[in-house]
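What follows is a single structure, written as structure tokens, with notes after it.
Numbering of ligands and ligand atoms starts at 1, following listing order.
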Amino acid sequence: MKRISILGSTGSIGTQTLDIVRNNPDLFKVIAISGNTNIELLRKQIEEFKPKYVAVYDKKNAQKLKEIVKNDGVEILAGLEGLNAIATIDEVDVVVTSVVGNIGLLPTFNAIKAKKTIALANKETLVTAGEIIMNEASKNGVSIIPVDSEHSAIFQCLNGNDILNVEKIILTASGGPFRGLKRNDLLSVTSKDALKHPNWNMGKKITIDSATLMNKGLEVIEAKWLFNLEIDQIDVIIHPQSIIHSMVEFIDGSILAQLGIPDMKLPIQYALTYPLRIKSNMSKLDFNQIASLTFEKPDTNTFPCLKLAYEALKIGGSMPTVLNASNEELVYLFLNGKIGFYDIPDKIEKAMKRHNPIKNPSIEDILLVDKETREYINNSF
Ligand SMILES: NC(=O)C1=CN([C@@H]2O[C@H](COP(=O)(O)OP(=O)(O)OC[C@H]3O[C@@H](n4cnc5c(N)ncnc54)[C@H](OP(=O)(O)O)[C@@H]3O)[C@@H](O)[C@H]2O)C=CC1
Ligand SMILES: CC(=O)[C@@H](O)[C@H](O)COP(=O)(O)O
Ligand SMILES: [Mn+2]
């Protein structure tokens with residue numbers, strides 16, 4: 001029985017994680033869950049999964065939930081302290097990091113120090129502080145199992161293979177809802193248009209990132225740290241069907257790929273059951289239903305965010321922190337209709353240009369750069 005703590009149980013990844021727990025009550029026990037605004041869903045999750053602890057980031061919502069569930073024998077925690085607490089509970093084996101954004105950094109760092117296995121969906125943490133996180137994981141003998149579908153695909157293809165025999169990895173990207181369009185077609189698109197992802201049903205922030213191709217840029221940086229690769233070993237190809245979830249090319253020219261229907265429950269389940277595999281009731285890929293699998297080069301003129309991510313990774317140090325923090329703030333401004341689609345890459349580029357990168361930043365440096373970047377972005381409009 002694996003005892004799990006879910007950071008962000010009310011979101012897309014978090015609820016799908018609970019679906020897997022529900023289907024496998026003999027394999028998993030939920031010790032802690034967390035949310036931020038959706039206290040009604042948290043109340044339902046408490047009723048069904050009977051966690052011992054619940055962290056609610058928003059302190060007012062924590063108080064509200066405390067009132068609602070006061071007789072249910074569950075401890076309600078609040079704020080970042082609450083997230084850190086449920087990331088480090090003694091009896092917990094696996095921490096599923098499914099919060100969105102860099103808020104996941106400190107709880108993940110603390111979970112690693114507490115020697116928890118990390119099932120990592122929260123890619124912003126690795127983008128912001130990948131070197132620190134991976135060094136801490138290695139120091140503590142902690143496994144970080146990828147949940148992100150492309151990184152789960154790479155992880156599965158690497159199973160039983162020596163990383164030294166890897167020539168490169170190829171991350172696939174759907175191309176998002178605006179694939180094939182040009183800058184002039186996109187000047188006045190709204191977040192409503194950008195939220196229509198062609199293949200995946202995800203949370204809002206990642207869906208906007210998929211539309212700008214920043215999601216793939218974040219995934220390039222995530223892959224660098226997860227698999228300890230050089231930047232020129234990480235390729236991106238547009239694959240509109242999202243059936244091939246990514247590929248590994250080995251030094252002998254052989255390529256391994258992991259395929260499946262676009263359903264996040266598969267990588268989530270694999271991260272939870274690893275190193276075992278268990279049966280699932282998910283629908284399977286039917287090759288008779290596939291007309292074709294197609295591939296295209298990414299169009300980084302129309303979608304500059306992917307190029308900006310490669311540049312940030314190449315510069316290194318605290319620059320990926322600036323990329324991520326500015327992107328997070330700009331995505332929320334775009335979602336709230338405050339800025340246009342191209343303000344996102346334009347402002348990220350400006351935030352990167354004004355930043356003097358810190359080599360080998362400490363986690364304190366990173367938190368300061370993150371904060372200052374967010375202030376810069378929010379004072380720019
Ligand atoms: N969705 C997907 O299919 C995929 C997601 N990922 C990654 O997984 C992570 C989660 O994504 P997704 O599930 O889509 O996100 P959602 O927006 O659906 O859910 C985010 C979760 O984080 C909580 N949350 C939001 N802000 C805060 C905060 N400031 N403090 C604490 N908790 C907070 C939300 O709480 P509440 O809802 O109560 O406000 C919710 O539980 C992201 O890093 C994403 O990039 C990776 C691959 C695929
Ligand atoms: C499901 C998942 O892993 C997402 O990261 C997805 O890959 C986003 O789609 P894009 O390929 O359009 O970025
Ligand atoms: Mn992904």
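Residue S98 holds the heavy atom nearest to atom 10 (C) of ligand 1 of all those in S98, G101, A121, P267. Nearest to atom 48 (C) of ligand 1 by heavy-atom distance, out of L120, L7, I206, is I206.
E81 has a carboxylate O that lies under 4.0 Å from a charged side-chain N of K59, or vice versa, which qualifies the two as a salt bridge. Under the 4.0 Å criterion applied to side-chain N and carboxylate O atoms, K371 and E375 are assigned as salt-bridge partners. A salt bridge is defined here as a Lys NZ or Arg NE, NH1 or NH2 lying under 4.0 Å from an Asp or Glu carboxylate O, and R374 with D370 meets this definition. Ion pairing of D185 with K182 is absent here, as no side-chain N (NZ or NE/NH1/NH2) approaches a carboxylate O to less than 4.0 Å. We find that E47 and K44 are not joined by a salt bridge, their nearest charged nitrogen and carboxylate oxygen being 4.0 Å or further apart.
Within ligand 1, the atoms closer than 4.0 Å to a non-hydrogen atom of M202 are 1 (N), 2 (C), 3 (O), numbered from 1 in the order shown. Atoms of ligand 2 lying under 4.0 Å from any heavy atom of S210, numbered from 1 in the order shown and given with element: 8 (C), 9 (O), 10 (P), 12 (O), 13 (O). The ligand atoms of ligand 1 that sit less than 4.0 angstrom from a heavy atom of M264 are 3 (O), 48 (C). Residue contact check: T10 has heavy atoms under 4.0 Å from atoms 34 (C), 35 (O), 36 (P), 37 (O), 38 (O), 40 (C), 41 (O) of ligand 1. Near N122, meaning under 4.0 Å from one of its heavy atoms, ligand 1 places the atoms 43 (O). Near G35, with a cut-off below 4.0 Å to any heavy atom, the atoms of ligand 1 are 35 (O), 38 (O). Residue K123 has at least one heavy-atom neighbour below 4.0 Å for each of these atoms of ligand 2: 5 (O). Which parts of ligand 2 touch I206 is read off a 4.0 Å heavy-atom cut-off, strictly below it: atoms 4 (C), 5 (O). Near M264, meaning under 4.0 Å from any of its heavy atoms, are these atoms of ligand 2: 1 (C). Per-residue contacts place A173 under 4.0 angstrom from the following atoms of ligand 2 (heavy atoms of the residue considered): 11 (O).
Taking the six-membered ring where tryptophan is involved, the planes of F303 and F341 are perpendicular, since the angle between them exceeds 60° and thus also 30°. Between H245 and W200, the ring planes lie tilted relative to each other; the angle falls in the 30° to 60° range.
Taking the ring axis of Y376 as reference, the NZ or CZ atom of K350 does not stay both within 45° of it and closer than 6.0 Å to the ring centre.
The shortest N/O to N/O separation between S12 and ligand 1 falls below 3.5 Å. Between T37 and ligand 1, a contact under 3.5 Å exists for at least one N or O pair.
S149 OG, 3.3 Å is the protein heavy atom nearest to atom 2 (C) of ligand 2. For atom 12 (O) of ligand 2, the nearest protein heavy atom (residue, atom name, distance) is S174 OG, 2.5 Å. Looking at atom 5 (O) of ligand 2, its nearest protein heavy atom turns out to be E219 OE2, 2.8 Å. For atom 7 (O) of ligand 2, the closest non-hydrogen atom on the protein side is E150 OE2, 2.3 Å. From the protein, the heavy atom lying nearest to atom 9 (O) of ligand 2 is H197 NE2, 3.3 Å. When only non-hydrogen protein atoms are considered, atom 13 (O) of ligand 2 lies nearest to N215 ND2, 2.8 Å.
In E219, the N, O or S atom that comes nearest to the Mn ion (ligand 3) is OE2. If you look at E150 and ask which of its N, O or S atoms sits nearest the Mn ion (ligand 3), the answer is OE1.
Heavy-atom neighbours of K297 NZ from other residues, nucleotides or ligands within 6.0 Å: at or below the threshold of 12. Counting heavy-atom neighbours within 6.0 Å of K204 NZ, excluding the residue itself, gives a total of 12 or less. Within a 6.0 Å sphere centred on CG of N356, other residues, nucleotides and ligands contribute 12 heavy atoms or fewer.
Rounding to the nearest 0.5 Å gives a distance of 8.0 Å between CD1 of I363 and CD of E136.
For the ligand labelled ligand 1, residue G14 lies outside the 4.0 Å heavy-atom shell. A heavy-atom separation below 4.0 Å is not found between K205 and ligand 1.
The closest side-chain heavy-atom distance from V331 to M214 is not below 4.5 Å. Between R43 and V69, some side-chain heavy-atom pair lies under the 4.5 Å cut-off.
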